[in-house]
Amino acid sequence: MSENKFSTGVSNVNISGIRKLFEAAGPNAINLGIGEPDFDTPENIKKAAIQAINDGFTGYTAGLGIIELRNAICDKLSRENHISVKPNEVMVTSGASEALYISLSALVSPGDEVLIPNPGFLAYNSIVRLLNGKDVSVNLKEDLTLDIDDVLEKITPKTKAVILNSPGNPTGAVSSKSDIRALSEIADDKNITIISDEVYEYFIYEGEHVSPAQFSDNVVTINALSKSYAMTGWRVGYLAAKENYVGQILKVHQYLQACANSIAQKAAVEALAGPQDSVVRMKNEFKNRRDVLVKGLNDIGLPCVMPKGAFYAFPEIKNCDKAAETLLKNDVVVTPGTAFGSNGIDHIRISYAASMDDIKKALAIMEKVL
Ligand SMILES: Cc1ncc(COP(=O)(O)O)c(C=O)c1O
């Protein structure tokens, strides 16, 4: 058998470390490892999907997505994010995951560099590697937001894009408006693209969400209904960018996916245009859990920066792989920081998308075994 049966790209990527731990957990384990809301999709959204099925809305849609949904996305972006785009500058995708993949595919040739927060969401460097690009780590500041000075330092003639993820996974950190404005100016000056992954935008407990696309045209804004509306399994997200970007990205989308799921698109219209009380309820619940978790962690001697957003805490702990293993043996699943990049060392990620009861039980176990 040839040693080179598989591509360089795929050989340079590992299976997600988060899944591995998750799958090793016992049936009674408290799962603080997972990155999805522990809420059900709101009823009005489910009803819209059932209606779509009953109406026979089960065929392919336009590649960019159904126009009602793109109109709803334009309204949302204009109202909440100060981003002005036309419906042909919006593309509905199979979750933020697809949007990230196709955007990077349209930008990265072999050897091109992409600046990625370290630690950061696992998919970023894996996608760049699959494309035979080079992932370049950007450090975080003490408050765990992206270090804009380090971005500037790491830019080379090969740099094509920088990934911004605020609120961030795994840190929960929210970048300041001044940092996002500065990053936008850098993107314009250096002619590089900001890929702005905003999937946790609705879960901000202090501060405000700022989209770089309000300052620069060199931005692909990526979002999804997955986290905001407890719709991870529905696989519906979107990207928005100027027409020159969308025209190129659409080619990848057409051959990869053809279009997003038709039924999920109808449900997404209801999610965006319908009542928003479920989002507010989820956010309030996450905030209560965050407060209990972070206080608990600091009380038991695991220093933890107060995360301003998302649903993750990222406390410091020496020997994080060992700590995660010990916790797993004691039926608590967390993710070692190293799963998110080398700079994640000496941290664990704890998801508080779990019940308050489970969070309190997990804190008691941590106090005992760590
Ligand atoms: C930062 C970030 N971006 C994107 C995604 C993927 O989102 P989706 O489920 O919409 O593909 C996740 C999921 O965990 C995430 O944490």
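For ligands, and for the atoms within them, numbers begin at 1 and follow the listed sequence. The figures here come from the full heavy-atom set of this structure, side chains too, leaving out hydrogens, waters and symmetry mates. Positions are given from 1 along the sequence.
In summary, of the residues considered (Phe311, Phe286, Phe203), a ring pair (Phe, Tyr, Trp, His ring centres under 6.0 Å) with Phe39 occurs for Phe286 alone. Residue Lys141 is tested with Asp147, Asp179, Asp150 for a salt bridge (charged side-chain N to carboxylate O under 4.0 Å, His left out); the sole match is Asp179. Just one residue in the list Lys295, Glu285, Met306 forms a side-chain contact (heavy atoms from CB on, under 4.5 Å) with Arg290, and that residue is Met306.
Annotation: ligand 1 has protein neighbours Gly95, Ala96, Ser97, Phe121, Tyr124, Asn165, Asn169, Asp197, Val199, Tyr200, Ala224, Ser226, Lys227, Arg235, each with a heavy atom less than 4.0 angstrom from the ligand.
With hydrogens and angles disregarded, no donor-acceptor distance shorter than 3.5 Å links the side chain of Glu206 to the backbone of Ile204.
A salt bridge links Lys266 with Glu68: the distance from a Lys NZ or Arg NE/NH1/NH2 to an Asp or Glu carboxylate oxygen falls below 4.0 Å.
For the pair Leu225/Ile45, no side-chain contact is recorded, criterion being any heavy-atom separation below 4.5 Å from C-beta on.
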